[in-house]
Amino acid sequence: PPPPQQLRLYLHSELSTSHATHGITPHEDYFQYSSYCTRRLHRLRHSQHVKRDLVHVRLYKSSLSTRIADTTSNNSSSNTAGNKAKKYAYRSIDLTNLPSTTLASHVNYFLEPLYCAERCWAASLALKAQMNSLVGSAADAAIGGGNKKNVSELGGDGLQNPRKDWSVGKFRAQSMKRLKKAVKYAELLETLALSTKPDAGDEEEEAAEASKAKEDAQPEEGMAQPPVDEHTQMEARAYASFMRGNLALEMNQWQTACTQYQMAMQLCEALGQGRIVGNGADADAGNGNGSTSSGNVQQLELFDFFNSRAKNVIAPLLKYCHYELQEKGLSPTEKISFLQSSSSIISDGATTDPSYLQSKLHSLKNETLQTQATSGSSMSQITFREIVVPVETKDLRMALLKIQDLKSEWEEEEKERGKKKQNDNTTGSSPSSSSSPDDNDGGDDAKFMELLSGYDDAVSLVNKELKQLAALKSGPAVNAKKFQLVNLLGYSKYQKLKLVMGRNEELTNGIIQKCNEGDDDEGMTLKHLEEVAHLYDALLQDARAVASLPGGGSPDDFDGGETTSSSSSAVVVEDEFYLEANANVLRLRSLRCYYLARMHASPLVHKYSEAVALLDQAERLANEALEEIGACDQMENGDALLDILEKVAAEMRGEKCRVLALSYLSKSSSIGSGKCLLQRLHDYNIPSSPKSIAHVPPKLEPMACKPSFFDVALNYVSEYPVDELERAMEEYNGVEAASSGILGWFRRG
């Protein structure tokens with residue numbers, strides 16, 4: 001027989017109706033609601049279709065829902081003398097033993113654990129309310145001797161109350177016991193919703209097949225479909241997460257409570273936005289009788305219900321747990337990591353303002369940085385131009401630690417962008433769309449500017465200390481201190497310039513790659529060439545600033561005369577750092593000259609003599625840069641820079657030949673054909689507009705079909721489709737026959 005259709009249950013709507021009609025929503029009467037759950041469970045269990053599996057009497061011990069340990073332990077007692085009491089004795093039930101098809105046959109299999117959890121939850125809150133009223137009445141009696149009569153929700157007045165002698169600890173223990181049982185039943189509901197247990201007959205057949213051929217057995221064949229659809233599964237998971245969060249909240253386990261409440265809020269928001277759609281949602285929404293509009297209205301009401309639950313019920317509890325967690329729960333580093341994950345989850349939901357968490361996160365980061373800067377365990381020294389420089393100032397250490405954290409965050413975002421770019425390439429979108437300068441999102445730019453401002457803060461701190469030492473007389477101690485600060489100044493400026501240059505060069509390479517991989521045949525237009533030349537101009541200025549940075553040498557050679565950042569007469573130390581900086585300057589000068597030459601040689605400018613001169617200069621600078629970079633053994637990414645520059649040098653030679661040809665053609669003009677230069681090498685008639693040297697790609701030309709062509713083409717011809725051609729001819733003949741006659745002309749078309 002075909003498997004039964006998956007059920008669709010609106011669990012939260014069912015509970016909302018029960019809460020509103022039995023004392024929870026308006027009056028918070030948990031004792032009345034607990035009594036209602038007991039009566040409702042009796043009706044659910046004694047339904048004719050599920051009575052055998054849900055009733056606890058021994059009469060139905062052969063049911064699959066009977067706990068396996070219970071059946072094995074009572075086999076001997078069932079075979080004893082006819083004791084009628086044992087026939088109707090209690091039996092343990094385990095609903096997870098039921099197959100998925102049985103669970104999908106009736107909704108009571110899911111409503112029974114749901115109302116068991118609700119009854120335990122209501123009893124727990126009723127005990128908590130009774131405990132609070134007991135404590136409040138005792139406090140009133142101790143303060144003013146007021147009315148000492150205690151009216152309980154669970155047992156009438158104080159004289160008939162069986163819990164009148166209970167202590168606060170016993171109330172607390174019983175309340176927690178009930179709440180743990182509620183979590184147990186909620187997890188059972190979640191397990192049943194996700195159950196894929198097959199029938200017993202299917203298990204026996206699969207076991208026989210597996211014994212015959214174990215190698216061909218597939219474990220997926222033993223899995224049945226869940227008894228409920230995805231919507232009901234998500235509701236069961238949300239309910240179980242909410243119950244686990246309530247238990248963790250009562251036990252003061254703030255981190256666990258935050259995790260469970262976040263999960264419940266995410267699931268409710270997903271259900272409220274309609275991102276989870278089960279099988280047959282539209283049919284179930286209207287019950288098969290209503291119109292499509294009524295089903296849509298019910299769906300909209302359901303979406304509003306879940307959004308309201310996430311915003312008004314779960315979000316306040318989550319915010320309270322965050323507050324308690326921040327106040328008492330974790331160490332500073334653990335708080336930072338947990339608040340980062342919490343703020344990211346909440347910001348994705350768009351139901352809770354994450355500004356509170358962000359402010360707490362920033363304050364915790366500042367506290368951690370101050371602790372590390374005070375202890376001196378991190379950023380106590382830096383290395384610049386092969387010199388180890390100690391960082392003795394607390395403020396400067398804190399600024400460098402802040403830069404380190406900001407840089408790590410920015411690099412993580414860059415890695416995520418790279419992964420997204422690779423995914424876009426694999427899915428078939430534009431491979432260089434994320435490399436253009438206009439595609440940088442606001443968040444990335446904000447992180448980058450914040451990192452640059454961190455370097456500026458470090459530079460200002462070093463300059464402030466240098467100004468304080470400028471008024472002192474030169475001496476060994478003062479010069480040594482100035483030497484340290486000058487190297488710290490050079491280090492901070494170099495790191496900032498290196499970051500800016502790397503970003504600008506990435507933008508430049510993105511523009512070039514986008515133009516080279518474009519679908520059009522134009523390549524780099526004048527606008528693109530101007531953008532690349534402008535970026536190389538900025539890169540050249542930064543590279544010259546790197547070459548003139550202070551620092552390097554040894555403390556003995558430092559006289560301490562020039563310490564300010566604006567001094568231009570500082571002594572240049574020709575070390576490895578200086579040679580690498582000069583080699584980079586030559587490389588950027590060569591690339592800038594090359595793209596300026598291409599700008600002058602463009603059709604809109606056509607200044608070919610200036611372009612030839614710039615190409616000669618670019619080729620000369622490229623050769624010098626290749627020699628300098630090859631001499632620097634420790635240069636960062638030196639091999640990659642050499643490969644790129646060699647390719648560009650080869651392009652320069654080809655571009656020079658093209659510009660020379662265009663320059664010769666532009667000197668004279670006459671009326672002639674519009675062929676390109678490649679097609680009229682032996683034709684001395686020069687056209688009036690010599691713009692094209694060759695057609696790329698070559699134009700298609702007609703060719704004569706010789707017999708050898710048909711012999712080759714015959715190898716690629718498949719069998720002749722005789723049947724299809726005959727069918728087409730019959731249809732055509734039928735149309736022609738129908739269109740004949742006096743009125744045939746009107747039947748055409």
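The figures here come from the full heavy-atom set of this structure, side chains too, leaving out hydrogens, waters and symmetry mates.
Residues E250 and L179 meet the side-chain proximity criterion, which asks for heavy atoms closer than 4.5 Å. V183 is listed as a side-chain neighbour of E187, based on a closest heavy-atom distance under 4.5 Å. The closest side-chain heavy-atom distance from L317 to F242 is below 4.5 Å. In this structure, the side chains of M176 and F171 stay at 4.5 Å or more apart for every pair of heavy atoms. When side chains are defined from C-beta on, Y261 does not count as touching S241, because their heavy atoms never get closer than 4.5 Å.
To the nearest 0.5 angstrom, E324 atom CD is 4.5 Å from W254 atom CH2. Between L247 atom CG and R178 atom CZ the span is 14.5 Å, to the nearest 0.5 Å. Atom CD in Q32 sits 9.0 Å away from atom OG1 in T21 (nearest 0.5 Å). Here H22 contributes atom NE2 and Y36 contributes atom OH; the two are 4.5 Å apart, rounded to the nearest 0.5 Å. Separating the CD atom in E411 from the CD atom in E409 is a distance of 11.0 Å, to the nearest 0.5 Å. F305 CZ to L300 CG: the interatomic distance, rounded to the nearest 0.5 Å, is 15.5 Å.
In terms of heavy atoms, K181 sits closest to C120 at CB-SG, 3.8 Å. In terms of heavy atoms, P226 sits closest to A193 at CB-O, 3.8 Å. Looking at every heavy atom in both residues, I314 comes nearest to C268 through CD1-SG, 3.9 Å. Residues D29 and I24 share a closest heavy-atom pair of O-CD1, 4.2 Å. Here the closest heavy-atom approach between residue S13 and residue L302 is recorded as OG-CD1, 3.3 Å. Closest approach of P99 to P198, counting heavy atoms only: CB-O, 3.4 Å.
The closest donor-acceptor contact from the side chain of S195 to the backbone of L192 lies at 3.5 Å or more, if one exists at all. Side-chain atoms of Q6 do not come within 3.5 Å of backbone N or O of A104 as any donor-acceptor pair. Between the side chain of T102 and the backbone N or O of L98, no donor-acceptor pair lies under 3.5 Å. For T38 (side chain) and S34 (main-chain N/O), a donor-acceptor pair under 3.5 Å exists by modelled atom type. The main-chain N or O of F31 is found under 3.5 Å from a side-chain atom of S35 such that the two form a donor-acceptor pair. E235 places a side-chain N or O within donor-acceptor distance of the main-chain N or O of L11, the cut-off being under 3.5 Å.
For the ring-ring contact (aromatic ring centres under 6.0 Å, His included) test, no residue two or more places apart in sequence or in another chain qualifies with Y185. Residues passing the ring-ring contact (aromatic ring centres under 6.0 Å, His included) test with H46, sequence neighbours excluded: H42. Taking the side chain to side chain contact (heavy atoms under 4.5 Å, CB included) definition, one finds that D304 meets it with nothing, sequence neighbours left out. Taking R52 as the reference, S62 meet the side-chain hydrogen bond (donor to acceptor under 3.5 Å, both in side chains) condition, with sequence neighbours excluded. Partners of Y33 by ring-ring contact (aromatic ring centres under 6.0 Å, His included), not counting sequence neighbours, listed by chain and number: H19.
Between the side chains of S408 and D405, no donor N or O sits under 3.5 Å from an acceptor N or O. Side chains of S124 and S175: a donor-acceptor N/O pair is present below 3.5 angstrom, by distance only. E118 and Y239 share a side-chain donor-acceptor pair at under 3.5 Å.
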Hey, can you pull the donor-acceptor pairs under 3.5 Å for the side chains in residues 106-117, sequence neighbours left out?
| from | atom 1 | to | atom 2 | distance (Å) |
| --- | --- | --- | --- | --- |
| H106 | ND1 | N108 | N | 3.1 |
| H106 | ND1 | N108 | OD1 | 3.4 |
| N108 | ND2 | L44 | O | 3.1 |
| Y109 | OH | D53 | OD2 | 2.6 |
| E112 | OE2 | R45 | NE | 3.0 |
| E112 | OE2 | R45 | NH2 | 2.9 |
| Y115 | OH | E14 | OE2 | 2.8 |
| Y115 | OH | S18 | OG | 2.8 |
| Y115 | OH | R40 | NH1 | 3.0 |

**W166 and Q130: CA distance, side-chain angles, deciding distance, side chain to side chain contact (heavy atoms under 4.5 Å, CB included) verdict** = CA-CA 11 Å; W166 280 16; Q130 186 180 5; over 6 Å; no
**Prompt:** Can L271 and F303 be said to form a side chain to side chain contact (heavy atoms under 4.5 Å, CB included), step by step?
**Reply:** CA-CA 7 Å; L271 291 167; F303 294 162; over 6 Å; no
**Request:** Kindly determine whether E413 and F448 satisfy side chain to side chain contact (heavy atoms under 4.5 Å, CB included), including the steps that lead there.
**Result:** CA-CA 10 Å; E413 290 187 358; F448 184 75; over 6 Å; no
**Message:** Does R8 form a side chain to side chain contact (heavy atoms under 4.5 Å, CB included) with V228? I'd like the steps, not just the answer.
**Reply:** CA-CA 6 Å; R8 161 66 71 91; V228 294; over 6 Å; no
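A salt bridge links E190 with R244; the closest basic N to acidic carboxylate O contact falls under 4.0 Å. A salt bridge between E269 and K311 is absent, with no side-chain N of the basic residue lying under 4.0 Å from a carboxylate O of the acidic one.
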